[in-house]
Student: 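Shown below is the structure under consideration.
One-based numbering along the sequence shown.
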Amino acid sequence: MKKLITVSILLLCLCLISGCGAQAVLHDVAEQLHNANAAAETEGSAPVSPSDGEAPAVAEESPAFDGQTEVYAASAADAAGDIVTAPEMMTPEPDTPAESSQGELAGLSLSELVADADGASGQLPRILPDCSGAASINEDIEGTFRYLVDADYCTLYYDVSKNGTILSIVVAQLYDGDSSYFTPYLLDLSSGQRLSGLELLTRMGLGTADVTAEELRIMGSEFEYQYGGESRGENAALYQEQYDRTVSRDNAELNRVWLDDQGQLCFVAKIYSMAGAEFYEYPMGTGIYFS
């Protein structure tokens, strides 16, 4: 065995003298030691280990890494029984049913949003999607107008329009003598919540002062159109009184507003009259559009 070690040392020296590379020399030494250990095990001798002055064997270099860190990590973990998923590959959690349904309301057609509450009578509407705003509006409509369905002295009808995420429903009451009253309802399709008229104005970015001024101008013009011929003569005083009531700031309507099918802001105009009922209501457009 000592002779084998001596031979190994002599081989090392000869290789160094002959100009062999360090990598090849160490590789040969390692191979000699491996063979010696194998022979020793066969003969029952103790394995041979490098002496204190000898350098340990150097393993061959690993092949260049291709940069696929995530793939490599996943393979190593799979072998160990743990699955590692790269962040970019993780599947997001699905939306909750409530969030999904609310987000889908704006994409529904009018026929999918509103139906006649009594089949084909055309008197009362019912909002179909299940959301808090729809429930509130449906309950309000039923509680306010149900007793008038099929009444001989009143005709009910309604109109529906959708603009972006705003659903507008206007229920009209037409009584004998041509007196009409209009009640709008607004549903925000993006949230499923009911909106007030003032909230709609805020959504449109409109100030109440500007809307009030426009409504009063329109109602003043309508009053003059209907009763302008009575501005002089024996009815002049009544004319002025009713005109002043019509264009009073208190007569502006900021809650009973809605959007028509063109996206125009509409309101319930109250025109005080010269004869008949004290006033008459009309649905009128402001000329302001929501896009």
Student: Can you hop from Val211 to Leu195 via hydrophobic side chains spaced under 4.5 Å?
Tutor: yes
Student: Are there over 12 heavy-atom neighbours, none belonging to Tyr225, within less than 6.0 Å of that residue's OH?
Tutor: no
Student: Quick one: are Leu105 and Cys131 in side-chain contact, heavy atoms under 4.5 Å?
Tutor: yes
Student: Over all heavy atoms of both residues, which pair between Glu142 and Ala117 is shortest? Give the atoms and the distance, please.
Tutor: OE2-CB, 4.1 Å
Student: Please check this pair: side chain of Glu253 against backbone of Asn255, looking for a donor-acceptor N/O pair closer than 3.5 Å.
Tutor: yes
Student: When you measure from the side chain of Thr212 to the backbone N and O of Ala252, does any donor-acceptor pair fall under 3.5 Å?
Tutor: no
Student: Counting only N and O atoms by type, is there a donor-acceptor contact under 3.5 Å from the side chain of Gln193 to the main-chain atoms of Gly133?
Tutor: no
Student: Would you mind reporting whether Trp258 and Ile169 have side-chain heavy atoms less than 4.5 Å apart?
Tutor: no
Student: Can you tell me how far the CZ atom of Phe267 sits from the CE atom of Met219, to the nearest 0.5 Å?
Tutor: 5.0 Å
Student: Looking at Asn138 and Ile127, would you say the former's side chain and the latter's main chain have a donor-acceptor pair under 3.5 Å?
Tutor: yes
Student: Taking Pro125 as the fixed residue, which of Asp116, Ile137, Val171 is the one that meets the side-chain contact (heavy atoms from CB on, under 4.5 Å) rule?
Tutor: Val171
Student: So, using salt bridge (charged side-chain N to carboxylate O under 4.0 Å, His left out) as the criterion, who are the partners of Glu139 when residues are at least two apart?
Tutor: none
Student: Do you reckon Phe290 sits in the same ILVMFWY cluster as Leu187, going by side-chain contacts under 4.5 Å, direct or chained?
Tutor: no
Student: So which atom in Met284 and which in Ile218 form the shortest heavy-atom distance, rounded to 0.1 Å?
Tutor: SD-CG2, 3.7 Å
Student: Say you draw a straight line from CE of Met204 to CD1 of Ile166; how long is it, rounded to the nearest 0.5 Å?
Tutor: 9.5 Å
Student: With the side chain counted from C-beta on, respond yes when Val268 and Thr183 share a heavy-atom pair under 4.5 Å apart, and no when they do not.
Tutor: no
Student: What I'd like to find out is whether the side chain of Tyr185 reaches to under 4.5 Å of the side chain of Leu167, using heavy atoms alone.
Tutor: no
Student: Using modelled atom types and a 3.5 Å cut-off, is there a donor and acceptor pairing between side-chain atoms of Glu199 and backbone atoms of Ser196?
Tutor: yes
Student: Taking salt bridge (charged side-chain N to carboxylate O under 4.0 Å, His left out) as the definition, give me every residue that meets it alongside Asp260, ordered by chain and number, with sequence neighbours left out.
Tutor: none
Student: Take Glu224 and Tyr239, measure what side-chain contact (heavy atoms from CB on, under 4.5 Å) needs, and give me the verdict at the end.
Tutor: CA-CA 9 Å; Glu224 291 175 345; Tyr239 176 91; 3.5 Å; yes
Student: Using the side chain to side chain donor-acceptor pair (under 3.5 Å) rule, collect all pairs that involve residues 162-174, keeping only residues at least two apart or in two chains.
Tutor: Gln173-Tyr175
Student: Please confirm whether the backbone N or O of Asp118 pairs with a side-chain atom of Gln123, one donor and one acceptor, at under 3.5 Å?
Tutor: no
Student: Do you reckon Tyr157 sits in the same ILVMFWY cluster as Leu124, going by side-chain contacts under 4.5 Å, direct or chained?
Tutor: no
Student: Between Arg256 and Phe182, is there a donor-acceptor pair closer than 3.5 Å when you use the side chain of the first and the backbone of the second?
Tutor: yes
Student: Look up atom CG in Leu186 and atom CZ in Arg194, then write down how far apart they are to the nearest 0.5 Å.
Tutor: 8.5 Å
Student: CG/Leu198 to CG/Leu206 distance, rounded to the nearest 0.5 angstrom?
Tutor: 11.5 Å
Student: At what distance, to the nearest 0.5 angstrom, does CD of Glu278 lie from OG of Ser273?
Tutor: 7.5 Å
Student: Flag yes if more than 12 heavy atoms outside Arg245 fall under 6.0 Å of its CZ atom; otherwise flag no.
Tutor: yes
Student: Taking the side chain from Asn251 and the backbone from Thr246, do they hold a donor-acceptor pair closer than 3.5 Å?
Tutor: yes
Student: Indicate the atoms forming the closest heavy-atom contact of Tyr272 with Phe223, along with that distance.
Tutor: O-CE1, 3.1 Å
Student: Just by modelled atom types, is the Tyr227 backbone N or O under 3.5 Å from a matching donor or acceptor in the Ser231 side chain?
Tutor: no
Student: Check whether Tyr282 and Leu156 end up in the same hydrophobic cluster, where Ile, Leu, Val, Met, Phe, Trp and Tyr are linked by side-chain heavy atoms less than 4.5 Å apart.
Tutor: no
Student: In Å, rounded to the nearest 0.5 Å, how long is the span from CG of Leu174 to CG of Asp176?
Tutor: 8.0 Å
Student: Would you name the heavy atoms of Leu110 and Ser161 that are closest together and state the gap between them?
Tutor: CD2-C, 4.1 Å
Student: Report yes if some heavy atom in the side chain of Pro129 is under 4.5 Å from a heavy atom in the side chain of Leu108; otherwise report no.
Tutor: yes
Student: Is there a side-chain contact between Val257 and Glu215 (heavy atoms, below 4.5 Å)?
Tutor: yes
Student: Would you confirm whether Ser136, through its side chain, and Ser132, through its main-chain N or O, come within 3.5 Å as a donor-acceptor pair?
Tutor: no
Student: Examine Val170 and Tyr289 and state if one hydrophobic cluster contains both, with Ile, Leu, Val, Met, Phe, Trp and Tyr joined whenever side-chain heavy atoms are less than 4.5 Å apart.
Tutor: no
Student: Any non-hydrogen side-chain atom of Tyr243 less than 4.5 Å from a side-chain atom of Met274?
Tutor: no
Student: Quick one: does Leu265's side chain get under 4.5 Å of Glu214's, heavy atoms only?
Tutor: no
Student: Begin from the C-alpha positions of Glu112 and Leu128 and carry the test side-chain contact (heavy atoms from CB on, under 4.5 Å) through to its verdict.
Tutor: CA-CA 7 Å; Glu112 295 172 313; Leu128 300 177; 5.7 Å; no
